[in-house]
Number of protein chains: 2
Amino acid sequence: MAQVEGKNRDRISRRQVDKFAERRAQLAASALQTLAELGYARTSLREIAQNSEFSHGVLHYYFRDKVELITYCVRQYKADCVTRYDRIVVSADSADELGRSFGEAMAATLRDDAPMHRLWYDLRNQGLFEESFRADVLDIDQSLERMIWRVVSHYAELSGSPPTVSSGIAYAVFDGLFQQALLRYLTGREESVDELRSNTEQLMGQLVSRR
Amino acid sequence: MAQVEGKNRDRISRRQVDKFAERRAQLAASALQTLAELGYARTSLREIAQNSEFSHGVLHYYFRDKVELITYCVRQYKADCVTRYDRIVVSADSADELGRSFGEAMAATLRDDAPMHRLWYDLRNQGLFEESFRADVLDIDQSLERMIWRVVSHYAELSGSPPTVSSGIAYAVFDGLFQQALLRYLTGREESVDELRSNTEQLMGQLVSRR
DNA sequence: AGCACTTCTTGACAGTCGTCAAGAGTTTCT
DNA sequence: AGAAACTCTTGACGACTGTCAAGAAGTGCT
């Protein structure tokens with residue numbers, strides 16, 4: 001009897017927890033959309049609520065405060081993009097093909113997800129000023145570094161030569177490349193998509209010793 | 001007589017313009033300090049005034065609005081840093097020496113001017129969201145690209161081999177390197193200063209074909 | 001149907017923001 | 001010295017912010 005009650009309560013509370021988590025995710029999606037549109041400095045809770053189907057008060061029912069909401073958003077963002085290139089790593093049969101696929105994937109996400117990427121750079125920068133985001137930002141940045149390293153090291157394997165740079169350098173270099181392309185793309189220079197593709201391929205070749 | 005009056009007025013107004021410009025620069029310096037400390041999102045005009053010796057109302061006497069103030073700040077920032085590496089370019093006698101000086105200069109400015117650099121990245125990102133800063137940000141970014149290219153192309157000359165990358169790639173790569181180092185440095189990892197120095201030297205070698 | 005609980009809306013709060021006008025204080029010229 | 005022009009302070013304005021409490025609306029259970 002007590003057990004049944006316990007089970008029921010578990011089932012109920014689990015369902016509630018699920019619904020709770022679901023709504024959190026839904027609100028975080030609205031928040032991410034707003035942030036990607038306006039940037040951190042211009043995003044308010046009321047604006048986020050207007051991009052959802054709820055009123056502004058509900059945000060404090062699901063999140064303690066603004067910091068928790070944005071932290072949650074950053075974590076959700078991470079889940080989306082940290083495995084972006086893993087598919088092409090396993091499916092590539094040669095170094096050249098991997099280079100091409102990687103360049104193509106970089107170009108594609110620049111074209112399709114530009115607002116999200118500018119948000120990421122914005123939030124990473126907030127981490128340089130505000131202590132509260134720092135841990136999550138660093139965590140994501142390390143995940144991205146590992147993601148890039150999976151590509152580079154596999155490229156090195158396929159080409160039979162070791163990488164000539166460390167994991168940190170490789171990430172910094174491709175990140176810098178992407179950021180420049182993003183800057184150009186968001187100011188209307190659509191050719192930067194193609195430039196990013198070829199620059200990525202070229203640089204990949206130079207970061208692995210060929211002979 | 002009319003001429004004398006004209007000359008006098010010119011002299012007067014020139015002096016006034018000078019004083020006016022001087023105070024603008026002074027206030028912009030306070031603004032830059034505040035921005036570097038707090039970041040764009042958390043900097044208010046009252047906060048800027050508190051970091052100066054004036055009250056908040058004076059800012060609207062010297063600047064039309066907040067956008068004009070920050071734009072002016074960005075331009076002032078540019079003048080400071082756009083020739084940062086030019087001295088070492090002319091004074092280097094060999095490629096190796098230039099590589100070392102460049103790495104050392106990067107490391108030094110990371111150590112000494114970290115808050116200013118994080119402000120630059122912050123403002124560059126604002127340009128991705130807010131139309132009003134975009135032109136100045138792009139202008140500065142191009143100046144920085146040329147500054148880096150002066151280093152890289154001179155390095156190539158000294159080493160007798162052509163660069164293997166374009167000006168845009170070279171800037172993107174070193175900028176990415178610096179930004180990663182800044183992220184690490186501002187989170188307390190002081191060893192990133194030395195890492196940046198050696199990474200810069202290493203990468204410089206790889207961006208110029210040696211044989 | 002009625003009850004308990006969750007979910008959401010509304011409206012208010014204290015505070016901050018950019019902006020500006022009125023006027024005091026200061027400098028400059030005659 | 002007095003007038004004119006420049007410089008700066010003060011205090012207010014409307015708008016916006018994050019937060020929260022009161023209670024309405026909705027949901028699921030017995």
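First the proteins, then the strands, lettered A, B, ... as listed; each starts at 1.
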For the residue pair B:Gln126 / B:Asp122, report whether a side-chain donor-acceptor contact shorter than 3.5 Å exists. yes

With a non-hydrogen cut-off below 4.0 angstrom, is B:Phe54 in contact with a base, only sugar-phosphate, or nothing? sugar-phosphate

May I ask you to say what A:Tyr62 touches in the nucleic acid, namely base, sugar-phosphate or nothing, with a heavy-atom cut-off under 4.0 Å? sugar-phosphate

Do A:Lys66 and A:Glu130 meet the salt-bridge criterion of a basic N to acidic O distance under 4.0 Å? no

Could you note down all residue pairs passing salt bridge (Lys or Arg N to Asp or Glu O under 4.0 Å) where residues 28-39 of chain A supplies at least one of them, sequence neighbours left out? none

How close or far is atom [atom2] of [N] from atom [atom1] of [X], stated in whole angstroms?
| X | N | atom1 | atom2 | answer |
| --- | --- | --- | --- | --- |
| B:Glu53 | D:dT7 | CD | C1' | 13 Å |
| A:Leu69 | D:dT19 | CG | C1' | 14 Å |
| A:Arg24 | C:dT6 | CZ | P | 16 Å |
| A:Asp18 | C:dT7 | CG | C1' | 16 Å |
| B:Phe20 | D:dC6 | CZ | P | 11 Å |
| A:Glu22 | C:dT6 | CD | P | 18 Å |

B:Asp141 and salt bridge (Lys or Arg N to Asp or Glu O under 4.0 Å): which partner among B:Arg134, B:Lys78, B:Arg124? B:Arg124

Centroid-to-centroid, B:Phe174 to B:Phe102, below 6.0 Å? yes

List in chain and number order the residues that pass ring pair (Phe, Tyr, Trp, His ring centres under 6.0 Å) with A:Phe178, two or more places apart in sequence or in another chain; answer none if no residue qualifies. A:His117

Heavy atoms under 4.0 Å is the rule here; annotate nucleotides 12-25 of chain C 5' to 3' with B where the base is hit, S where only the sugar-phosphate is, and - elsewhere. B----BBB------

